[in-house]
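Reading through the structure tokens given below for one structure.
Every number for a ligand or one of its atoms is a count from 1 in the order of the listing. Since this is a predicted model, take the numbers as computed values, not measurements.
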Amino acid sequence: MHGTLQSNEDARARAYSLPLEDINVGDPNLFFTDSHWPYFDRLRKEAPVHYCRDSEFGPYWSVTKYNDIMAIETNHQTFSSDSELGGITIRDSRPDLRRPSFISMDQPKHGPQRKTVAPMFTPTNLDQLAATIRERACLILDNLPRNETFDWVDRVSVELTTQMLATLFDFPWDERRKLTYWSDIATAVPGAGMVESVDEKQVILEECGAYFKKLWNERINQAPKPDLLSMMAHSEATRNMDERNFLGNLILLIIGGNDTTRNSISGAVYALNKFPDQYKKLRDNPALIESFVPEVIRWQTPLSHMRRTALADTKIGDKQIKKGDKVVMWYVSGNRDEEVIENPYEFIIDRKRPRNHLSFGFGIHRCVGLRLAELQLKIVWEEILKRFETIEVVEEPKRVYSSFIKGYETLPVRIAA
Ligand code: HEM
């Protein structure tokens with residue numbers, strides 16, 4: 001069993017009573033119980049580059065301030081994403097199960113693979129997708145129950161993002177929930193509910209690989225079309241990927257497009273309930289959706305961190321980092337850095353520079369799907385505002401047990417008749 005929600009005061013007292021060196025902000029339980037905030041507040045003030053000597057992830061550095069994170073993001077020559085060195089999350093993958101994808105590759109391999117899928121996310125292509133997204137969003141929203149409690153995560157966030165993903169891959173429509181399942185499995189922490197062991201996880205992901213391999217074989221024999229599988233099957237940079245790289249890129253695209261957007265769609269409802277004055281402001285002026293969307297993505301921070309490995313001895317702030325050290329960039333903390341973002345804990349839908357946040361990362365790996373994510377949120381909120389006066393959160397959400405994916409398992413809501 002994991003911990004229960006602590007009161008803000010309890011979490012704060014605990015965060016400030018621990019010796020600094022004993023702080024382990026990577027503990028998934030802190031995120032599950034939403035009690036990670038005071039730990040990061042303390043680190044930003046007292047040890048912005050902090051070393052955790054011992055944890056379930058081994059030793060690691062935590063970088064918690066906005067500008068220090070930016071300095072790492074933009075220095076890919078020194079800070080590697082390579083899966084062979086551990087990859088991009090605080091948890092090292094088991095060496096025999098490593099699956100390189102372009103998010104966990106350095107130059108020169110990263111660029112060409114990224115370029116292969118990038119055309120999917122250009123403004124012109126997204127303009128074409130917008131009508132489909134809107135049509136599907138309308139259908140989902142029109143079928144929601146009234147005057148009855150239901151789970152927003154399952155009925156709206158998961159459904160909408162899964163449909164989008166199925167479109168991007170041109171995946172068999174009736175089987176699209178497989179994508180949701182694989183995405184959840186790929187990010188599941190063994191023992192926390194979905195899978196018992198890494199081996200069990202591996203078996204399921206291999207089923208995912210086999211399913212996609214079948215689709216791949218079909219696409220490679222067809223003329224090129226604008227879906228992610230076909231794009232990879234017909235590109236020089238990705239046509240001859242080995243099995244591990246193939247599965248790695250698939251999982252990247254499935255998770256990239258799924259959990260993150262899903263949790264932003266849920267986070268938007270939750271944030272507006274926490275800040276009812278902002279909900280009113282949005283209802284009174286739907287044009288604010290333009291700045292509301294990036295504010296949701298900052299406030300939610302759907303991925304708490306990305307990790308790098310130092311390729312050489314170097315310095316971050318005043319701390320000496322050794323070659324081979326694991327460095328975790330906590331976006332969740334950088335997005336609450338009061339030196340860069342005014343009133344960072346407040347959800348303010350008309351901020352002057354709403355895109356001033358770290359949620360999409362920066363540098364060569366900056367999220368390739370960010371425009372699509374923003375577009376989905378924009379469309380769904382345009383349609384929500386046309387239909388419903390208020391979506392009321394009736395119970396606190398159940399959160400994901402992870403210090404990587406920051407999101408919601410369930411969000412019980414009600415919409416008045
Ligand atoms: C709100 C939604 C999203 C968030 C918060 C998010 C966040 C991120 C972050 C933090 C990174 C790594 C950046 C870095 O290391 O500097 C990333 C990379 C990536 N994202 Fe997203 N993402 C979102 C939506 C999407 C969508 C919709 C897709 C595609 C369908 C996508 C596909 C990818 C891919 C393929 C990469 C790897 C890029 C590279 O290595 O060059 N993401 N995303």
Side-chain angles (χ1 to χ4, degrees), residues 63 69-76 79-83 87-89 100-107 109-122 125-126 129 133 157 160-169 171 179 183 187 227-229 231-232 237-238 248-268 293-309 327-332 334-335 355 357-380 404-407:
V63 182
I69 294 173
M70 279 296 239
I72 297 169
E73 287 274 19
T74 49
N75 182 3
H76 60 267
F79 295 101
S80 165
S81 301
D82 194 337
S83 58
I88 50 133
T89 65
S101 65
F102 60 90
I103 202 171
S104 56
M105 277 175 195
D106 293 336
Q107 298 299 49
K109 275 164 76 188
H110 161 262
Q113 294 207 2
R114 176 181 167 113
K115 263 204 194 114
T116 299
V117 298
M120 179 61 95
F121 308 103
T122 56
N125 202 49
L126 293 183
L129 282 177
I133 299 177
S157 312
L160 200 68
T161 43
T162 303
Q163 290 190 5
M164 189 64 246
L165 211 51
T167 307
L168 295 183
F169 281 113
F171 191 87
L179 293 169
S183 173
T187 54
D227 71 70
L228 290 172
L229 265 182
M231 282 169 160
M232 287 195 284
T238 42
N249 275 351
L250 281 177
I251 292 172
L252 164 61
L253 291 162
I254 294 174
I255 301 177
N258 206 30
D259 288 80
T260 49
T261 317
R262 175 202 303 183
N263 289 318
S264 309
I265 295 171
S266 304
V293 166
E295 174 66 350
V296 167
I297 294 170
R298 177 195 73 87
W299 189 83
Q300 177 59 32
T301 316
L303 296 178
S304 302
H305 74 266
M306 282 280 157
R307 164 263 177 96
R308 301 290 186 257
T309 308
V327 176
V328 181
M329 305 176 287
W330 291 103
Y331 299 150
V332 66
N335 279 344
R355 287 190 173 75
H357 66 69
L358 294 166
S359 299
F360 290 124
F362 237 84
I364 62 167
H365 289 282
R366 184 166 165 81
C367 180
V368 74
L370 64 91
R371 284 202 201 93
L372 175 60
E374 290 194 347
L375 181 69
Q376 285 195 74
L377 269 172
K378 174 174 182 277
I379 291 176
V380 77
F404 182 58
I405 303 286
K406 189 163 160 299

Query raised in the report: Between Ile72 and Arg308, is a side-chain contact (heavy atoms from CB on, under 4.5 Å) present by the stated rule, with each step listed?
Result: CA-CA 8 Å; Ile72 297 169; Arg308 301 290 186 257; 4.1 Å; yes
**Report entry** Glu73 N/O under 3.5 Å from ligand 1 N/O
**Finding:** yes
Report summary line: Counting from 1 in the order shown, the ligand 1 atoms closer than 4.0 Å to a non-hydrogen atom of Ile364 are 41 (O)
**Report entry** Phe360 and His357 aromatic centres sub-6.0 Å
**Finding:** yes
Query - Check: Leu168 and Leu129 side chains under 4.5 Å, non-hydrogen atoms - result: yes
**Report entry** Which of the ligand 1 atoms, numbered from 1, are nearer than 4.0 Å to a heavy atom of Ser359
**Finding:** 5 (C), 7 (C), 10 (C)
**Report entry** Atoms of ligand 1 close to Phe102 [distance to a heavy atom under 4.0 angstrom, numbered from 1]
**Finding:** 35 (C), 37 (C), 38 (C), 39 (C), 40 (O), 41 (O)
Report summary line: Hits for side-chain hydrogen bond (donor to acceptor under 3.5 Å, both in side chains) against Thr238, two or more places apart or cross-chain, chain-then-number order -> Ser235
Report summary line: ligand 1 atoms nearer than 4.0 angstrom to some heavy atom of Phe362 are 16 (O)
Report task. Run the numbers for me: atoms of ligand 1, each under 4.0 Å from some heavy atom of Ser264, listed by number. Result -> 1 (C)
Report summary line: Phe121 heavy atoms within 4.0 Å reach ligand 1 at atoms 29 (C), 30 (C)
Query - Those atoms of ligand 1 less than 4.0 Å from some heavy atom in Leu168 - result: 30 (C)
Query raised in the report: So Ser266 and Ser157, side chain to side chain donor-acceptor pair (under 3.5 Å) or not? Walk me through it.
Result: CA-CA 6 Å; Ser266 304; Ser157 312; 2.8 Å; yes
Query raised in the report: Taking atom 41 (O) of ligand 1 as the point of reference, which of His76, Arg366, His110, Met329 owns the nearest heavy atom?
Result: His110
**Report entry** From Ile88 atom CD1 to Ile103 atom CD1, the distance as rounded to the nearest 0.5 Å
**Finding:** 4.0 Å
Requested in this report: List every atom of ligand 1 that sits less than 4.0 Å from any heavy atom of Arg114, numbering the atoms from 1 in the order shown and giving each element.
Outcome: 38 (C), 39 (C), 41 (O)
Query raised in the report: Is Gly363 near ligand 1, meaning one of its heavy atoms is under 4.0 Å from it?
Result: no
Query raised in the report: For atom 40 (O) of ligand 1, which candidate among His305, Arg308, His365, Arg307 provides the closest heavy atom?
Result: His365
Requested in this report: Look at the side chain of Arg307 and the backbone N and O of Val328, then say whether any donor-acceptor pair between them is shorter than 3.5 Å.
Outcome: no
Query raised in the report: In the shown structure, where waters are left out, how many protein N, O or S atoms lie under 2.8 Å from atom 21 (Fe) of ligand 1?
Result: 1
Query - Cationic N near anionic O, under 4.0 Å, Glu295 to Arg355 - result: no
Query raised in the report: If you measure only the distance, is there a donor-acceptor pair under 3.5 Å linking the side chains of Ser81 and Ser104?
Result: no
Query raised in the report: How about Phe404 and His305: are their ring centres within less than 6.0 Å of each other?
Result: yes
Requested in this report: Check whether any side-chain heavy atom of Asp259 sits under 4.5 Å from a side-chain heavy atom of Thr187, and report yes or no.
Outcome: yes
Query - Test side-chain contact (heavy atoms from CB on, under 4.5 Å) applied to Ser359 and Gln300, step by step - result: CA-CA 8 Å; Ser359 299; Gln300 177 59 32; over 6 Å; no
